[in-house]
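Structure first, then comments.
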Amino acid sequence: MDEQTNVKVKILRYNPEKDKKPFWQPYEVKIEPDATILDILNEIRWKLDGTLAFRRSCRSAICGSCAMKVNGRNILACETPMHRFKGRGLKIEPLPGFRIIKDLVVDLDSFFEKMNRVRPYLLLDKPIPDKEFIQSPEEFEEIREVCICILCGACTSSCPSVWSNEEYLGPAALLKAYRFIFDSRDDAADERIDIVNDKNGIWRCHTIFNCMEACPKHIKITEYLSRLKVKAVENSI
Amino acid sequence: MKIEEAKKFHKIDTVVIGAGLAGLGAALEIAKGGGEVAVLTKVYPTRSHSGSAQGGIAASLANVAEDSEEMHMFDTIKGSDYLGDQDVIELFVAEAKKTVYWFEHMGVPFSRTEDGRINQRAFGGHSSPRACFSADITGHVLLHTLYEQCLKHNVHFFNEFQVFSLLIEDDISRGVVAWDIRNGGLHIFHSKALLLATGGYGRAFKITSNAFANTGDSLSLILENGLPLEDMEFVQFHPTGLYKHGILLSEAARGEGAYLTNDKGERFMEKYAPQKMELAPRDVISRAEQTEINEGRGIAGKAYVHLDMRHLGKEKIMERLPQVWELAFNYLEVDGTKAPIPIQPAAHYSMGGIPANIKTEVIKDAAGTVVTGLYAAGEAACLSLHGANRLGTNSVQGAATFGRISGTNILEFIKTVNYPKMVANPLERAQRKIDSFMTNKGKEKHALIREELQENMTGHVGVFRNETDMLKLKKIIKDLLERFKEVSIDDKGSAFNLDLLEAFEVGSLLNFSEVIVEGALARKESRGAHYRTDFPKRDDKKWLKHTLAWKTDKGVKLDFSRNVTIYMDRYPPLERKY
Ligand SMILES: Cc1cc2nc3c(=O)[nH]c(=O)nc-3n(C[C@H](O)[C@H](O)[C@H](O)COP(=O)(O)OP(=O)(O)OC[C@H]3O[C@@H](n4cnc5c(N)ncnc54)[C@H](O)[C@@H]3O)c2cc1C
Ligand code: FES
């Protein structure tokens with residue numbers, strides 16, 4: 001057994017059935033020094049306070065359940081070791097910009113609903129071949145990185161343009177639009193560009209780069225959104 | 001209790017439990033065919049564990065080398081150590097190719113060959129490069145694409161609903177009762193057809209690659225309804241779980257040439273599989289690692305060995321194995337380009353499950369009698385496609401293909417039948433479970449019981465098994481089951497009560513774990529992933545049989561009369577040598 005250390009943690013708690021508004025609750029946890037934020041939350045739940053709620057599943061940074069804000073940054077709890085925040089106590093709160101359901105669990109319905117607005121599925125006019133559609137490695141490369149998005153919400157939640165306008169599609173939904181617009185197999189790019197080429201679409205992105213910093217998968221979101229803007233302009237002339 | 005007391009009552013032709021590749025594959029086929037279908041899932045669909053699959057999806061497309069359905073079939077049969085049902089495998093290898101094209105036509109971004117076709121790579125146990133892949137996020141893109149298609153075709157989703165009981169009476173499925181995780185409260189779902197697609201259940205073990213959601217709830221519910229589980233003793237241990245975490249480092253690392261080394265710096269596979277070395281099958285490598293650890297040659301005497309990729313060079317590591325590098329770096333702060341990565345065997349894939357026939361209909365005995373309206377697919381099911389050991393990349397394929405097949409069969413079924421009568425007190429069982437956790441004054445904590453279970457499962461029915469250990473474990477589980485009755489929870493609320501959900505899940509783990517142990521105790525041979533140090537040989541005369549196991553008041557009842565389907569003229573059992 002590795003030696004354990006004491007960690008001071010403050011968690012923003014909220015139970016809709018009891019609390020008028022969220023409040024900070026302090027905990028002190030004894031845990032191994034290489035523990036992740038998720039390990040700490042589990043330790044609290046399992047040993048100290050079973051009422052704490054948060055989402056988690058894969059614990060390998062691929063399912064997107066555990067995005068939350070720690071010491072001011074949106075991160076995935078499962079892949080972030082606590083020593084990233086060396087020497088400091090931990091302040092853990094839910095993703096900002098969304099309604100809190102309970103404790104660290106937020107309501108992502110609006111986030112997913114925006115995704116649906118860009119028609120996130122391949123649309124085809126051409127006949128379907130017997131085998132696969134031919135797509136070159138270069139064409140695949142166009143969409144490879146954007147496909148890594150795990151829909152955790154960290155980007156959209158960090159975007160000031162989203163905070164100030166609820167109707168704005170936000171980085172994740174725009175990235176999804178990009179994924180299909182730039183898929184060589186898809187036949188509905190124009191239709192999707194019409195959807196994103198809107199005051200609540202791509203033009204609300206002011207290239208603030210918060211989303212890119214927040215993305216746990218290091219997707220160059222702002223760059224892709226800029227390419228979307230170019231495409232939208234090309235299409236309208 | 002009356003139906004009206006439920007928060008909501010839903011009447012839907014087909015209810016699918018689980019939104020992984022199996023559940024979504026079925027739902028999509030039903031919706032496309034004009035059937036009515038709802039999916040219930042305890043995690044948001046794209047958070048299902050299918051998304052974790054990195055390596056690929058098997059199909060004999062022959063895009064990069066010679067391959068055929070026969071070759072895929074033989075590899076799967078041999079990999080299964082001859083316990084796989086050959087009719088199921090035959091259907092699988094043919095449908096696998098269709099499934100890959102089906103995915104591609106829906107927009108799955110596959111990695112490509114130079115001439116623009118789906119790229120394929122080599123994987124352990126497959127004699128030809130057969131794994132279609134998308135970089136190292138294959139499961140993720142398959143899952144997201146399927147989910148998006150389900151939205152397009154208006155599949156109805158009940159996200160964050162956890163099933164608490166199945167409504168089965170007189171061998172007819174009538175629906176389920178589920179807990180609304182966000183708001184609290186039970187819902188009744190009355191259906192003609194019910195598909196169980198709740199995925200793997202590796203969470204019974206301490207060191208596992210499985211997600212928190214993988215707790216085998218539906219398996220436990222099957223047992224609770226007096227129905228059997230099949231071949232539960234076969235649990236695959238993956239050789240490269242990240243030390244202490246169990247998080248999977250893809251087989252691709254060894255595929256690209258990484259070494260396995262012990263405390264002395266020796267490539268110990270030389271002793272165990274001199275030909276195949278690090279590319280020997282998973283069970284062989286896991287046993288080799290465990291032997292090194294048990295004999296004191298783990299690193300610094302601890303329970304791990306090293307995965308060394310340094311000689312591959314930074315460029316190759318970053319280009320081909322970025323996820324492996326990133327996981328080791330994030331979780332253990334080990335830079336794989338400069339230092340070897342600590343790894344140990346991790347419970348990874350569960351071959352056993354809910355017994356189902358080739359049409360995915362759940363069966364209730366060795367004769368194959370069908371439970372009307374009840375279906376199972378994916379890792380929760382045992383058809384048996386993987387027999388005693390599944391090959392890498394065959395499982396996402398198995399989940400998707402038999403999900404799809406299940407959907408087609410259910411579509412036919414719901415057209416021909418009326419709604420079965422609802423049971424008299426549908427809420428009773430689920431409510432009783434909730435009441436017990438909520439009102440219990442007992443001092444037991446579900447988390448501690450789970451930890452004890454996991455620790456002992458890994459210790460006593462892990463990579464190596466023997467009678468003495470398992471008899472001990474049997475008693476431990478009995479005690480834990482008793483203690484579980486005294487579990488009380490801290491959270492008495494309705495909204496997102498994780499305490500309640502986890503308590504329920506620990507109950508699931510305990511229930512089916514007992515069956516794993518009993519099966520492993522009874523099966524006095526070694527086959528595939530099941531290795532008995534006291535019976536190290538495969539014994540076809542006695543044990544070329546499936547295991548069926550029921551829970552009764554008197555304990556677990558076993559039946560070994562279910563035959564394996566074998567085409568003796570084509571694929572007679574041979575020794576499994578690599
Ligand atoms: C880390 C990892 C990597 C892997 N890599 C590969 C690979 O490269 N190739 C390969 O072929 N296989 C791989 N596998 C195995 C493969 O991913 C799984 O076997 C397969 O994805 C299982 O799919 P499924 O649809 O059966 O279940 P899952 O995808 O696990 O879905 C289960 C669903 O059931 C739901 N559920 C469970 N219980 C309940 C309940 N009580 N109420 C409501 N809903 C419930 C969950 O919410 C979830 O939606 C890997 C497995 C792991 C763990
Ligand atoms: S638990 Fe899945 S991303 Fe963190």
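Convention: sequence-line order gives letters A, B, ...; per-chain numbering from 1.
In this structure, the portions of Cys78(A) lying under 4.5 Å from any heavy atom of chain B include both its backbone and its side chain. If you measure heavy-atom distances from Lys131(A) to chain B, the contacts under 4.5 Å come from both the backbone and the side chain. Only the side chain of Asp39(A) has a heavy atom closer than 4.5 Å to any heavy atom of chain B. In this structure, chain B has no heavy atom under 4.5 Å from any part of Arg119(A). Using a 4.5 Å cut-off between heavy atoms, Phe140(A) touches chain B through its side chain atoms alone. Within the 4.5 angstrom heavy-atom criterion, only side-chain atoms of Leu38(A), from C-beta onward, approach chain B. Looking at Pro16(A), only its side chain comes within 4.5 Å of chain B, counting heavy atoms on both sides. Heavy atoms of Arg45(A) lying under 4.5 Å from chain B belong exclusively to its side chain. Contact of Glu132(A) with chain B is made through backbone and side chain together, with heavy-atom distances under 4.5 Å. Contact of Lys18(A) with chain B is not made at all, since no heavy-atom distance falls under 4.5 Å. Neither the backbone nor the side chain of Asp103(A) comes within less than 4.5 Å of any heavy atom of chain B. When heavy atoms are compared at a cutoff of 4.5 Å, Ile143(A) approaches chain B solely by way of its side chain, counted from C-beta outward. Using a 4.5 Å cut-off between heavy atoms, Ile150(A) contacts chain B through both its backbone and its side chain. With a 4.5 Å cut-off on non-hydrogen atoms, Ile148(A) touches chain B through its backbone and its side chain both.
Nearest approach of His49(B) to Ala211(B), heavy atoms of both residues: ND1-CB, 3.1 Å.
Contact count against chain B (heavy-atom pairs under 4.5 Å) is highest for Arg179(A) among Arg179(A), Glu141(A), Glu138(A). Put simply, of Glu114(B), Gln149(B), Lys445(B), the one with the most heavy-atom pairs under 4.5 Å next to chain A is Glu114(B). Listed options Gln323(B), Lys492(B), Glu160(B) were ranked by heavy-atom pairs under 4.5 angstrom with chain A; first place goes to Glu160(B). Interface check for chain A: of the options Asp115(B), Asn497(B), Thr145(B), Asn210(B), the most heavy-atom pairs under 4.5 Å are formed by Asn210(B).
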Run the salt bridge (charged side-chain N to carboxylate O under 4.0 Å, His left out) test on Glu505(B) and Arg450(B) for me, step by step, so that the C-alpha distance in whole Å, both residues' side-chain angles and the decisive distance to 0.1 Å come before the verdict.
CA-CA 9 Å; Glu505(B) 290 170 345; Arg450(B) 176 183 44 74; over 6 Å; no

Going through the distances and angles, do Tyr147(B) and Phe157(B) end up as a ring pair (Phe, Tyr, Trp, His ring centres under 6.0 Å)?
CA-CA 10 Å; Tyr147(B) 175 58; Phe157(B) 282 94; 5.2 Å; yes

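With 3.5 Å as the limit, one finds no donor-acceptor pair spanning the side chains of Glu93(A) and Trp24(A). Side chains of Gln25(A) and Tyr27(A): a donor on one and an acceptor on the other come within 3.5 Å.
Applying the 6.0 Å contact sphere to CD of Glu113(A) captures more than 12 heavy atoms from other residues, nucleotides or ligands. For CZ of Arg73(A), the number of neighbouring non-hydrogen atoms (other residues, nucleotides, ligands) closer than 6.0 Å is 12 at most.
Annotation: His156(B) is in aromatic contact with Phe158(B) [ring centroid separation under 6.0 Å].
Remark: the backbone N or O of Thr240(B) is not paired with any side-chain donor or acceptor of His348(B) at under 3.5 angstrom.
Under the 30°/60° scheme for interplanar angles, the aromatic rings of Tyr44(B) and Phe112(A) are found to lie parallel.
Salt-bridge formation is detected for the pair Glu104(B)/Arg185(A): a Lys NZ or Arg NE/NH1/NH2 atom is positioned less than 4.0 Å from an Asp or Glu carboxylate oxygen.
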